[in-house]
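Residue numbering restarts at 1 for every chain, and letters A, B, ... go by the order of the sequence lines. Computation of the quantities below employed the complete heavy-atom set of this structure, encompassing side-chain atoms and omitting hydrogens, waters and symmetry-equivalent molecules.
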Amino acid sequence: MAANFTRREFIKITGFGTAGAITAGSLISKSEKAPESPVEKGIKKTPTYCAMCTFKCAGWAYTKDDKPWKLTGNKDDHHSNGRLCTKGSAGWGTYTDPDRLQTPLIRTGKRGEQYFREATWDEAFEYIAKKLKKIAEDHGPECVALLTHGSDGSFFKQLLKAYGSTNIAAPSYGSCRGPREEAYILTYGEPINSPERTDMSNSKCLVLLGTHIGENTHSSQVKEFGDSISNGASIITVDPRFSVAASKSDYWLPIKPGTDMALLLAWINVLIEEEIYDKKFVKKNTTGFKELKKHISKYTPEWAYTETTIKPEIIRETARIMAKNAPATLVHPGRMVVWYGDDTQRVRAGAILNALLGNWGKKGGFFNPVKASVPNYPHLPYPKPSKTWKDAFPGKYELANLALSSGICYATVPSVDKSCSFKGWIVYGTNAMRTMPDRTKTLEAIQNLDLLVAIDILPMEITGWADVILPECSYLERYGELRVTSGKKAQIALRMPAKKPLYNSKPSWWIAKELAKKMGLEKYFPWKNIEEYLDVRLKKGGTSLEELKSKGVVTKRSETPIYFDKNEEIEFDTESGKIELYSQTLEEHGFSPIPVYKKHEEPEEGYFRLLVGRSPIHAFGRTTNNPVLSQLKNENHVWINTNIAEEWGINNGQYIKLENQDGVISNRIRVKVTERIRPDSVYMVHGFGHTSKRLRKAYLKGADDSSLITRVHTDEIMGGTGMRGNFVTFVI
Amino acid sequence: MKKYGMVIDTKSCVGCGACVVACKTENSVPEGLHRDWIVEEVTGKFPNLFMEIRSERCNHCSDAPCVSTCPTGASHIKEGSNIIKVDPDKCTGCQACVVSCPYNARFVMPEGYVSKCTFCDHRVEKGTDPACASVCPTHSIVFGDLNNPLSRVSRLLRSRKYKTLVPEAGTEPNVYYLL
Amino acid sequence: MKEITITTNKITNIVNGHFHAWGWEVPVYLFLGGLTAGILLISAIMAISKQKSKFTLSTEKLSLWAPIILSLGMAALFLDLKHKLYVWRFYTAFEITSPMSWGSWILLFVYPLSFFLILSTIRKAYPKLNKFTESLLLKIKLDKFYNILIDFSEKNRKKIAFTVIPFAIALGVYTGILLSAFGSRPFWNSSILGPLFLVSGLSSAVAAVILFSKEHSEKEVFTRIDLGLLIIEVIFIIFLIIGMASSSIQYKKALNLILGGPLTAPFWIFIFSFGLLLPGFFEVLELRGKKIPSAIAALLVIAGGLFLRFIIVEAGQMSGWLTY
Ligand SMILES: Nc1nc2c(c(=O)[nH]1)N[C@H]1C(S)=C(S)[C@@H](COP(=O)(O)OP(=O)(O)OC[C@H]3O[C@@H](n4cnc5c(=O)[nH]c(N)nc54)[C@H](O)[C@@H]3O)O[C@H]1N2
Ligand SMILES: Nc1nc2c(c(=O)[nH]1)N[C@H]1C(S)=C(S)[C@@H](COP(=O)(O)OP(=O)(O)OC[C@H]3O[C@@H](n4cnc5c(=O)[nH]c(N)nc54)[C@H](O)[C@@H]3O)O[C@H]1N2
Ligand code: SF4
Ligand code: SF4
Ligand code: SF4
Ligand code: SF4
Ligand code: SF4
Ligand SMILES: [Mo]
């Protein structure tokens with residue numbers, strides 16, 4: 001119990017990065033052979049890890065005659081396996097982008113009106129420090145929040161904690177994989193983490209629900225997926241759209257959107273009714289099987305058919321294939337799981353299905369990740385905040401282990417019943433205008449702020465609303481926080497500058513440290529400079545900055561195996577110490593202890609469900625202005641089923657507009673008339689239709705899905721922002 | 001004589017386009033121009049669909065019309081191999097080769113001479129894979145010597161079903177697609 | 001039904017859905033090249049022919065046009081080059097498999113030959129021009145040499161004519177072979193194209209004579225000739241069509257461009273009707289003594305010839321093995 005309790009606290013404080021990973025010890029001797037000296041003269045390679053998306057693949061940045069050339073993956077790296085993805089390979093584009101933010105800007109007009117004046121860093125810091133001081137005095141430092149995603153946000157986390165607030169939120173929790181992590185913590189006591197602890201490379205059967213790997217190009221995920229294809233694994237893809245993954249599958253189940261829970265429950269039903277689940281594993285490692293069996297009996301394939309439109313025999317057939325290949329069968333937990341509001345429960349249904357297949361800690365299922373231990377740089381204890389964002393939601397989201405950006409957003413709009421109303425936002429590396437749904441709410445919140453600071457590299461929408469814009473240099477121009485992630489290998493990766501910062505842009509460590517100085521918090525940043533900060537930490541971790549400079553990635557030997565052996569006694573980090581098919585915790589908090597199916601709203605006549613996904617060529621909205629990637633794809637398309645297009649007289653390639661159920665009309669978008677999607681849905685990739693004029697390549701290219709997502713179906717368990725309950729019609 | 005070829009697995013290719021970007025950066029291909037590209041070919045009707053994804057480029061044809069139609073010898077076969085290259089200092093930009101390529105693999109550079117995929121011969125000389133092959137996350141692009149029966153490309157062609165693009169064009173392409 | 005998408009946005013050489021690399025320059029070049037060939041053929045044949053009646057234009061004056069029109073054609077070709085500074089590279093190599101290479105070398109011979117042909121009549125045909133050049137050459141003391149050349153050309157007029165003929169034919173045929181050599185372009189890939197362009201070039205030249213001749217007899221003779229040529233052209237075009245229709249699917253697809261496809265109207269209306277049938281019909285009427293200005297037919301023929309090159313160059317580029 002106690003251990004379990006601290007583990008949970010631990011997760012709360014440090015975020016998912018650490019949870020579930022066994023830290024590894026001594027430095028491994030054999031590692032990447034020292035990098036071959038530059039092949040030709042004039043060519044220089046510098047270690048970095050990618051910030052094109054947030055998957056952190058380690059690689060090498062090449063310059064030729066001191067000019068940007070190319071980026072390649074680091075062979076040792078367990079994220080990239082030596083191969084950067086489409087976006088990562090175009091990384092230099094962030095450096096060369098002529099639209100980059102160049103110098104600090106301070107707002108002169110009304111908030112949201114694009115009037116700024118250029119400022120020196122000192123002026124900018126002065127301005128911010130004064131405001132923060134005032135907020136601290138009038139409302140307490142807890143009323144300042146940090147919204148951050150990836151890149152080098154950690155330095156601002158340090159700053160905010162030093163200032164006295166722990167309200168640090170990332171869209172990657174509430175608007176992405178939060179429900180997944182919570183569902184697995186609830187069921188197995190451990191999250192899935194990033195990179196995912198999936199062992200697809202060895203799976204004999206792989207089940208994808210949504211999860212459009214291939215279009216989702218997270219490097220190691222695509223590699224693993226490729227392996228499973230090459231190994232001839234039976235692949236089952238559940239998707240209303242004929243995704244790339246679906247096209248690689250033995251079974252494509254074109255499910256009616258929003259009904260995945262029914263399918264998952266039916267699969268569980270088949271495994272149990274036909275007694276083809278892993279009896280030994282279930283008996284040994286799970287609790288609540290009896291309750292599950294009772295609960296599931298009504299969820300027959302025949303019943304599921306009426307919900308999902310997937311034929312009962314197909315449901316049975318696929319279930320049997322899963323069972324046949326267990327435990328090397330993986331029902332992928334997904335990543336972007338904030339869909340319909342009951343997401344934690346849906347993902348948990350998948351977790352339960354996986355439990356019945358007995359694949360936890362098994363080859364081809366979920367492996368047990370290892371992680372290098374790199375102590376923090378010693379610093380004074382941070383002040384204890386007297387309140388957090390959760391106080392704004394009495395009795396709600398108690399199971400949320402991380403802060404919600406949406407929560408902070410709602411809590412910013414003043415109201416009597418909210419004890420913590422936010423006055424200041426520091427937004428680092430997240431385009432909150434685009435990544436948080438329900439924009440009107442976000443704007444309302446922003447208009448109530450005393451201070452909004454945006455630290456970005458591009459003039460993204462969020463910067464237009466800021467009081468102060470701080471231009472960070474691109475990841476290729478700076479030292480970054482160490483990358484210490486969990487996976488099959490315990491690794492540490494370094495990001496070091498391949499070029500000097502252009503213009504008047506600065507690295508995040510410098511910005512945070514200097515701002516701290518202005519705020520009189522320098523004592524929390526005791527390190528002289530970044531090299532010293534990194535070297536001290538690395539030496540404690542059993543390596544050194546020197547070694548990382550030459551290798552980029554250092555792998556530590558780990559004694560703990562990544563698979564359990566046959567009859568090993570497993571202690572799970574749950575209340576019961578076992579896999580909880582039946583969750584006491586959920587019951588205590590008033591949620592159904594076993595997932596129950598709940599019907600979701602369906603489109604009205606003439607409306608279509610708006611499905612959203614990824615372009616393999618872009619990362620969210622952050623790369624659509626990239627000089628290289630925009631050459632491959634400079635606008636998104638709305639996918640419309642051939643028959644529907646005929647009915648509406650819409651031609652392939654034609655521009656139309658989309659209007660959602662609340663009358664919001666999108667920017668014009670090209671139509672892709674295709675057989676590859678269900679007639680009841682339309683599809684587009686996220687990240688296009690930028691409205692910031694200063695993004696010259698991306699401005700008004702394609703349509704923005706975020707603007708059409710005005711209805712959010714909030715996950716009652718952890719507050720995730722379900723985005724797929726929105727419907728659109730065509731404006732021709 | 002080396003007979004270089006590519007064997008590209010349409011089964012594992014996910015159409016991500018990494019090979020396109022890797023090529024553009026490795027070879028500094030100018031804005032808007034592409035030496036390789038991705039084609040998605042969908043057949044069937046919902047929900048019975050089939051999709052083939054191909055990463056396409058110059059086929060370094062054994063009977064290359066782009067070479068035979070070139071009036072200046074700029075478009076030539078690289079010594080000791082089947083790699084088809086263009087010598088900018090001989091190229092007039094008449095585009096006879098561009099028009100003669102059944103695969104539309106060639107394009108005019110901003111400077112005016114014609115360019116296309118070189119099979120990354122500058123890398124091949126150093127014994128490394130072409131950039132596109134070495135970036136592919138699913139290892140779908142395999143490069144090697146078709147004359148060597150032990151090379152991976154030869155072995156793949158012996159063990160798998162494959163096709164080339166429009167063989168009817170009669171240029172004897174050397175890029176193969178595994179089915 | 002197939003959905004084919006290039007997901008990485010490659011648009012090189014694709015202009016509204018069709019391959020398109022060569023613009024107006026190439027067809028103009030091919031037309032003027034053919035016209036030159038025609039002019040030289042006529043001039044040469046007239047130089048040789050024993051018939052009494054000498055026609056001023058075709059026998060004496062016409063040859064001067066050849067180098068002028070050819071130069072215009074060369075200019076068009078030059079405009080088409082994307083790497084212009086390297087144009088000289090045409091003459092640092094002879095690529096036996098490349099029609100373009102053949103072409104550029106043939107032209108190298110056509111120029112001097114046409115000059116000899118001109119000199120053989122310049123004293124009679126263009127006395128003023130002759131005096132003028134003499135006076136120019138006088139300045140650089142080459143007037144003697146010039147007159148020697150003229151004497152030589154006049155003496156060997158027939159021999160020169162005989163040597164001109166094969167080159168003129170080569171030039172005319174080349175303008176077609178340049179295209180028919182492209183195996184990758186089904187619409188071009190037919191051996192008829194060479195002869196067709198030769199005849200078409202000849203017919204345009206003949207039309208030019210009709211247009212500018214001041215002698216009724218000359219007009220009439222050449223109208224007869226042109227009528228014959230038009231008929232041959234029609235036959236060749238029918239061969240072309242049959243050829244494509246009777247071979248593989250790609251060729252049928254290519255043929256479809258002018259049988260229902262986007263180029264149907266331009267081909268059948270502008271080339272076949274206005275360019276061949278109509279002028280042919282007018283010429284028949286003329287020969288029957290009906291009073292119609294012979295210029296109409298002549299102009300139609302010339303326009304038709306130019307249009308033929310445009311449509312065929314376009315059709316060839318539109319016809320390919322891949323559609324992207
Ligand atoms: N190239 C690229 N790769 C990326 C990213 C990027 O921006 N660009 N972002 C990364 C991040 S942070 C994340 S979270 C992931 C997201 O990538 P995923 O985790 O794969 O996201 P999903 O929402 O699972 O996948 C979207 C798919 O779900 C399908 N879908 C929609 N509704 C339903 C439904 O009701 N049921 C089912 N079964 N399927 C449905 C859609 O048709 C689409 O194919 O991608 C990561 N990888
Ligand atoms: N409508 C809709 N909303 C979504 C999603 C969706 O599919 N549709 N996806 C959700 C998911 S899965 C996720 S993970 C989130 C992603 O949410 P975000 O990560 O916020 O998404 P981005 O749009 O990539 O915003 C990244 C911002 O960081 C900036 N940036 C990039 N590099 C750097 C850097 O080095 N330093 C600094 N300071 N800034 C940098 C970019 O310019 C951009 O403004 O979005 C979520 N929201
Ligand atoms: S997945 Fe691609 S974009 Fe994301 S970090 Fe890795 S290489 Fe960079
Ligand atoms: S990189 Fe590989 S998987 Fe991606 S498109 Fe190219 S060939 Fe296909
Ligand atoms: S593909 Fe085209 S360019 Fe490449 S060799 Fe063949 S014909 Fe030449
Ligand atoms: S464009 Fe250059 S390479 Fe191509 S045919 Fe003309 S001269 Fe040769
Ligand atoms: S072989 Fe080299 S040049 Fe050719 S497509 Fe691949 S990367 Fe580009
Ligand atoms: Mo995400």
Would you say [X] has more than 12 foreign heavy atoms packed within less than 6.0 Å of its [atom1]?
X       : atom1 : answer
E79(B)  : CD    : no
R152(B) : CZ    : no
K45(B)  : NZ    : yes
K67(A)  : NZ    : no
K2(B)   : NZ    : no

Let me confirm one number: the [atom1]-[atom2] distance from [X] to [Y], rounded to the nearest 0.5 Å.
X      : Y       : atom1 : atom2 : answer
C13(B) : I229(A) : SG    : CD1   : 9.5 Å
W69(A) : S28(B)  : CH2   : OG    : 8.0 Å
E41(B) : S247(A) : CD    : OG    : 12.5 Å

Aromatic ring centroids of F50(B) and W252(A) under 6.0 Å?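 No, too far apart.
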
Side chain, backbone, both or neither: which part of [X] has a heavy atom under 4.5 Å from chain A?
X       : answer
T128(B) : neither
H139(B) : both
E40(B)  : side chain
I53(B)  : side chain
V135(B) : both
K24(B)  : side chain

Segment of [X] engaging chain B (4.5 angstrom heavy-atom cut-off):
X       : answer
P68(A)  : neither
K248(A) : side chain
I677(A) : backbone

Is there a donor-acceptor contact under 3.5 Å from the side chain of [X] to the main chain of [Y]?
X       : Y       : answer
Q631(A) : G32(B)  : yes
T86(A)  : A18(B)  : yes
R83(A)  : C136(B) : yes

Count the heavy-atom pairs under 4.5 Å between each of N641(A), V222(A), T72(A), L71(A) and chain B, then report the option with the highest count.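 So the answer, after comparing N641(A), V222(A), T72(A), L71(A), is V222(A).
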
Do [X] and [Y] have side chains that get closer than 4.5 Å, going by heavy atoms?
X       : Y       : answer
F46(B)  : R676(A) : no
P137(B) : S219(A) : no
V628(A) : V21(B)  : yes

Show, in sequence, the C-alpha distance, side-chain angles and deciding distance for V244(A) and M51(B), and conclude whether the side chain to side chain contact (heavy atoms under 4.5 Å, CB included) test is met. CA-CA 8 Å; V244(A) 165; M51(B) 177 159 73; 4.1 Å; yes

Looking at every non-hydrogen atom in both residues, tell me the closest pair between G17(B) and L632(A) and how far apart they are.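 Closest approach of G17(B) to L632(A): O-CD2, 4.1 Å.
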
Closest approach of P616(A) and G15(B), non-hydrogen atoms and distance?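 Smallest heavy-atom distance, with atoms named: CG-O, 4.2 Å.
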
Could you go through the side chain to side chain contact (heavy atoms under 4.5 Å, CB included) check for W92(A) and T25(B) one step at a time? CA-CA 9 Å; W92(A) 277 115; T25(B) 54; over 6 Å; no

